Amino acid sequence: MLPSHLNGHSPLARRRPRLSAASPPAAAGESPAAGAGATTAADSLEEHDRIYFQSYSHIGIHEAMIKDRVRTDAYHSAIMHHKKFIEGKVVLDVGCGTGILSVFCARAGAKRVYAVEASEIATQACEIVKANNLSDQVVVIHGRVEDVDLEEKVDVIISEWMGYMLLYESMLPSVLFARDKWLKPGGLILPSHATLIMAPITNPERYEGSVDFWCDVYGIDMSALVPLAKKFTSEEPSIETIGGENVISWPSVVKHIDCYNFTVEEFKCITAKYKVSSMMLAPIHGFGFWFEVEFNGPQEYSHNLPSNLNPLEIIQKKRKRSSEDTVILSTAPEDEPTHWQQTILYFPDPIEVKQDQMVEGSVTVSQSKENPRFLNIHLECS
């Protein structure tokens, strides 16, 4: 059993977060002062959002995202692929950042683009729109999408809402809010579908470098630090890049999200069971998580990957889909690296498995009550 908390003390959203384990619950009988709880909770949530949006005022975050060619090319390709749905239509860009997706949509012929951005980078987005002579098409609105008023319903919603492990930052609920309030019936959402995927991984070099390293340091026995190293390695999810060679079984789907129908209530807590077979004799050092998103229209059938499919069917569908005329953005270990990398949950000690040995358990991903931008991850493995 491995409880972990995708949590960040650093205010920088997509800069590599500092991750920490969940705090223990209060002892029985402890409670906040009477009358203070609701106000404190509201103030706390407002402060979390302030810090979150402030982090997106840093140009470094936008540089990393835009320079991620896999990410940016996928969005540009999706916009051009769906040009017939965008041309002459009204688009809402949720969390527009520098406005690059809004500009892509305007150049694809959108009649009007509402570019909504809660961070201070909205000022520069407005200047970028003017510099590209698009002020008659793109309207930059500084504010949260939950708070803004638009002059009309929209035909298209576009947003780059995905965080580490797909759900970190909890931006998807803002897109769902915009969908329910502003999207016309039959409208287009980009991306349309997202799939969170997991698999056991082996990574002896990483484990040896972080744990076994302390057994012999310049000829000095520092093995007293090994328990601390194991604790540090296992209590925090790690954002890093692994390769397909590190994955030792077919992957398992944690959750498939249809952005046309998914609800905020479903987002709050996601639980999935998994059962996979090891493809080799190797130590399992933990589990890797990654995601992929698709850019499909409301009437286009996405190759839904429910968790009751066996792993082979998942891979076959993925290969079939990759050959079709569908735009996919993948962060899988075997694909070209992205700034999302993969999220790894390491065990304190590796688990030796034989080839074809079954590995099963469950994983629960839920919003942190202390800060909804963070995630709690509870993984069980046997």
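These numbers come from the heavy atoms of this one structure, side chains and all, not from hydrogens, waters or symmetry mates. Predicted model only: the values in this text are computed from it and were never measured.
In this structure, Ile284 is not a member of the same hydrophobic cluster as Met358, with clusters built from ILVMFWY side-chain heavy atoms closer than 4.5 Å. Residues Phe232 and Leu228 are members of separate hydrophobic clusters, defined by side-chain heavy-atom contacts under 4.5 angstrom among Ile, Leu, Val, Met, Phe, Trp and Tyr. A single hydrophobic cluster is not seen to contain both Leu281 and Val359; linkage of ILVMFWY side chains at heavy-atom distances under 4.5 Å, directly or through other members, places them apart.
Residue Lys84 qualifies as open at atom NZ: its count of foreign heavy atoms under 6.0 Å is 12 or below. Residue Lys130 qualifies as open at atom NZ: its count of foreign heavy atoms under 6.0 Å is 12 or below. The local environment of NZ in Lys181 is crowded, with over 12 non-hydrogen atoms from other residues, nucleotides or ligands closer than 6.0 Å. The environment of Glu151 atom CD is sparse: at most 12 non-hydrogen atoms of other residues, nucleotides or ligands sit within 6.0 angstrom.
At a threshold of 4.5 Å between non-hydrogen side-chain atoms, the residues Thr241 and Gln342 count as touching. Under the 4.5 Å side-chain criterion, counting only non-hydrogen atoms from C-beta, Val365 is not in contact with Asn376.
Remark: aromatic rings of Trp182 and Tyr114 are distant, center separation not under 6.0 Å. Aromatic ring centroids of Tyr346 and Phe287 lie 6.0 Å or more apart.
Checked by atom type and distance alone, the side chain of Asn246 pairs as donor or acceptor with a backbone atom of Thr202 at under 3.5 Å.
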Query - Pair Glu360-Lys273, salt bridge (Lys or Arg N to Asp or Glu O under 4.0 Å): steps then yes or no - result: CA-CA 8 Å; Glu360 59 185 311; Lys273 293 182 178 180; over 6 Å; no
Query - Intermediate values then yes/no, salt bridge (Lys or Arg N to Asp or Glu O under 4.0 Å), Glu87 and Lys111 - result: CA-CA 7 Å; Glu87 203 165 14; Lys111 180 178 72 174; over 6 Å; no
Query raised in the report: What do the steps show when you test His62 against Thr98 for side-chain hydrogen bond (donor to acceptor under 3.5 Å, both in side chains), and what is the final call?
Result: CA-CA 7 Å; His62 299 282; Thr98 59; 5.0 Å; no
Report task. Any chance you could lay out the side-chain contact (heavy atoms from CB on, under 4.5 Å) test for Met198 and Val363, step after step, and finish with the verdict? Result -> CA-CA 10 Å; Met198 67 182 289; Val363 62; 3.7 Å; yes
